[in-house]
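One structure is given here, and the rest of the page talks about it.
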Amino acid sequence: MDLSALGALCVVGSINVDVTASVVRLPAPGETVMGNALRRDAGGKGANQAVAAARLGAAVRMVGAVGDDSDGQAMLQNLRDAGVNVSDVWLGEDATGTALITVDETGENSIVVCAGANATVSIDGVTFDENEAVLAQLEIPMATVEALAAVVPGYFVVNAAPAQGVPQSVVDRADLFIVNETEFAALPALKDAKLVAVTEGSAGAALFSHGKEIARATAPRVHSISAVGAGDAFCAALTVALHAGWDPVEALAAACAVGADAVTHLGAQPPLAKLPTYR
């Protein structure tokens, strides 16, 4: 098998501006803490995953929406610069989505997302090829995810985050779900899904088929700067690797290595090497 051939991926998801405050520690409820620095970066789970997949070596296009504003234009250019096809990203009447992020000195974070134009994302007029993987998240309308489940002819992946009830039609159709431990516990319907990857932070990840563990991988030990981009980088890597036909154990290990690499960089869209490098 040629592990350098990664194929095509369509990401249907959110595009945000990330406004990130760095702090010594995250504030407790009702508490104010002083910040060290404030950053504005490209973000949104969909855009993060699209950029990561492109940097890993896949041919990527994105379906989504941004506002007809300066932030929207900047986010479109950021996707283009990463090599993502944005012909199916449109300008909405609502403002570009925004995420408010707080990151402490250990790399832990808390995030609040204001959907903006992401709440209007649909797949009206969009077609999908049977040889193309499709990756969606839950920062867009659930109705759009349900529509994807009904029309996508090829490999269909759902990153069920933020955690919310997933319709049975989506559970039955998805070839792969990707969640973290907290999301997995909050979504009991996924326990019988075809394939579920559960990330466990610095401990690595496990892969379950109809509730039975079929693979497990540890994460390389690294010095964490920010965990903001790790989950989305993992999603992109695992989707691309499994769609390319990699063995599940090898794909999971590579995805964990990509996620570990991501935490060594600031921002939600870290620089990454080509995916075979992480084998």
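These values consider heavy atoms only, across backbone and side chains, with no hydrogens, waters or symmetry-generated copies. Note that the coordinates shown come from a computational prediction; the quantities given were computed from them, not determined experimentally.
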Decide, yes or no, whether a salt bridge links Arg173 with Asp175 under the criterion of side-chain N to carboxylate O below 4.0 Å. yes
Without hydrogens or angle criteria, can the side chains of Asn180 and Glu200 be said to hold a donor-acceptor pair below 3.5 Å? no
Answer yes or no: is there an ion pair linking Asp71 with Arg40, defined by an N-O contact shorter than 4.0 Å? yes
Are the side chains of Thr239 and Ile178 in contact, using a 4.5 Å heavy-atom criterion? yes
Side chain to side chain, Ile225 and Val263, heavy atoms closer than 4.5 Å: no
If only atom types and distance count, is the side chain of Asp261 paired as donor or acceptor with the main-chain N or O of Val258 below 3.5 Å? no
For a side chain to side chain contact (heavy atoms under 4.5 Å, CB included) with Val157, tell me which candidate from Val11, Leu135, Leu9 qualifies. Leu135
hydrophobic_cluster_shared for Val145 and Val152, side chain cutoff 4.5 Å: yes
Take Asp104 and Thr106 through the side-chain hydrogen bond (donor to acceptor under 3.5 Å, both in side chains) test and state the conclusion after the steps. CA-CA 5 Å; Asp104 72 15; Thr106 71; 2.7 Å; yes
side-chain hydrogen bond (donor to acceptor under 3.5 Å, both in side chains), that's the test. Do Gln77 and Asp81 meet it? Break it down for me. CA-CA 6 Å; Gln77 190 58 50; Asp81 290 346; 2.8 Å; yes
Heavy atoms of Asn16 and Cys114 approach each other most closely as OD1-O, 4.4 Å
With hydrophobic residues grouped by side-chain heavy-atom distances under 4.5 Å, do Val158 and Leu195 end up in a single group? no
Please tell me whether Leu242 and Leu56 are part of a single hydrophobic cluster in this structure, the criterion being side-chain heavy atoms less than 4.5 Å apart. yes
Ala161 versus Glu183, closest heavy-atom pair with distance: CB-OE2, 3.1 Å
So which of Gln49, Gln137, Glu139 actually passes side-chain hydrogen bond (donor to acceptor under 3.5 Å, both in side chains) with Ser14? Glu139
Looking at Phe184, is Lys191 sitting on its ring face, NZ or CZ under 6.0 Å from the six-membered ring centre and within 45 degrees of the normal? yes
Using side-chain heavy atoms (C-beta onward) and a distance below 4.5 Å, is Thr98 in contact with Leu100? yes
In one Ile/Leu/Val/Met/Phe/Trp/Tyr side-chain cluster, 4.5 Å: Leu238, Val51: yes
Common cluster, Phe208/Val170, ILVMFWY with side-chain heavy-atom separation under 4.5 Å: yes
Please assess Thr96 against Asp69 for the test side-chain hydrogen bond (donor to acceptor under 3.5 Å, both in side chains), listing each intermediate value before the final yes or no. CA-CA 7 Å; Thr96 299; Asp69 48 36; 2.7 Å; yes
If you take all heavy atoms of Val63 and Ser122, which pair is closest and at what distance? CG1-O, 3.8 Å
Taking 4.0 angstrom as the limit, do Arg25 and Glu31 come out as a salt bridge? yes
Kindly compute the distance separating CG (Leu266) from OG (Ser22), expressed to the nearest 0.5 Å. 6.5 Å
Tell me, yes or no, whether the heavy-atom count around Gln168 atom CD, taken from other residues, nucleotides or ligands under 6.0 Å, exceeds 12. yes
